[in-house]
Amino acid sequence: MTEFDPSLLPPDLAGIDRDNCPIMRSLGVLGDPWSLLILREFFLDGPRKFKDLEVGLKVSPNTLSTRLKKLEEHGVLKKRFYSSHPPRADYVLTEKGQAVGPILLELLKWGEAFG
């Protein structure tokens, strides 16, 4: 194993403010596996209904509901109503959610190389 070389740090990371860390704030929104897997589904299949996510991910309704609500509160997803009687909705990525795409791609590459 090689020793850590701080000169390899990206310049933006080297000067990070640990008390107001953007990485920490990002993990507050995206830092659990279910949230990233939920977002993966949107990049693979586009807008999704709750039931489709529940079945596709094999996740409990409570876990899914909690994660969707959190992603919606942070503006990563939004609920889109397509019927008013009865009310029916699906979820779509916002601009903020679409910006997660390159992060997922890098995680995919890292997982292929080292996972």
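If you read the sequence from its start, that first residue is 1, and numbering goes on from there.
- When each of D90, L64, L37, V59 is paired with L53, the side chain to side chain contact (heavy atoms under 4.5 Å, CB included) condition holds for L64 and for no other.
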Inset, instruction - Test salt bridge (charged side-chain N to carboxylate O under 4.0 Å, His left out) on E72 and K69 and set out the steps. - result: CA-CA 5 Å; E72 197 175 3; K69 183 176 180 182; over 6 Å; no

Inset, instruction - Could you walk me through whether R48 and Y91 pass the side chain to side chain contact (heavy atoms under 4.5 Å, CB included) test, one step at a time? - result: CA-CA 5 Å; R48 305 301 308 268; Y91 292 87; 5.5 Å; no

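- Considering only residues two or more places apart in sequence or on other chains, S26 meets the side-chain contact (heavy atoms from CB on, under 4.5 Å) condition with none of them.
- Contact check on K109 versus E106 returns a salt bridge, with a Lys/Arg side-chain nitrogen under 4.0 Å from an Asp/Glu carboxylate oxygen.
- Few gaps surround CZ on R25; more than 12 heavy atoms of other groups in view lie less than 6.0 Å from it.
- Partners of L107 under the side-chain contact (heavy atoms from CB on, under 4.5 Å) rule, at least two apart in sequence or in another chain, are L36, I103, L104.
- Formation of a donor-acceptor pair under 3.5 Å by the T94 side chain with backbone atoms of K78 is not found in this model.
- With K70 contributing its side chain and S65 its backbone, the two residues share no donor-acceptor pair below 3.5 Å.
- Linking Ile, Leu, Val, Met, Phe, Trp and Tyr whenever their side-chain heavy atoms come within less than 4.5 Å puts F43 and L57 in one cluster.
- Take N62 and apply the side-chain contact (heavy atoms from CB on, under 4.5 Å) test, not counting sequence neighbours, and it matches S60.
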Inset, instruction - Starting from the C-alpha separation in whole Å, work towards a yes-or-no answer on side chain to side chain contact (heavy atoms under 4.5 Å, CB included) for L39 and V76. - result: CA-CA 9 Å; L39 292 175; V76 177; 3.7 Å; yes

Inset, instruction - Applying side chain to side chain contact (heavy atoms under 4.5 Å, CB included), run through V92 and K79 and close with a yes or a no. - result: CA-CA 6 Å; V92 296; K79 198 180 282 188; over 6 Å; no

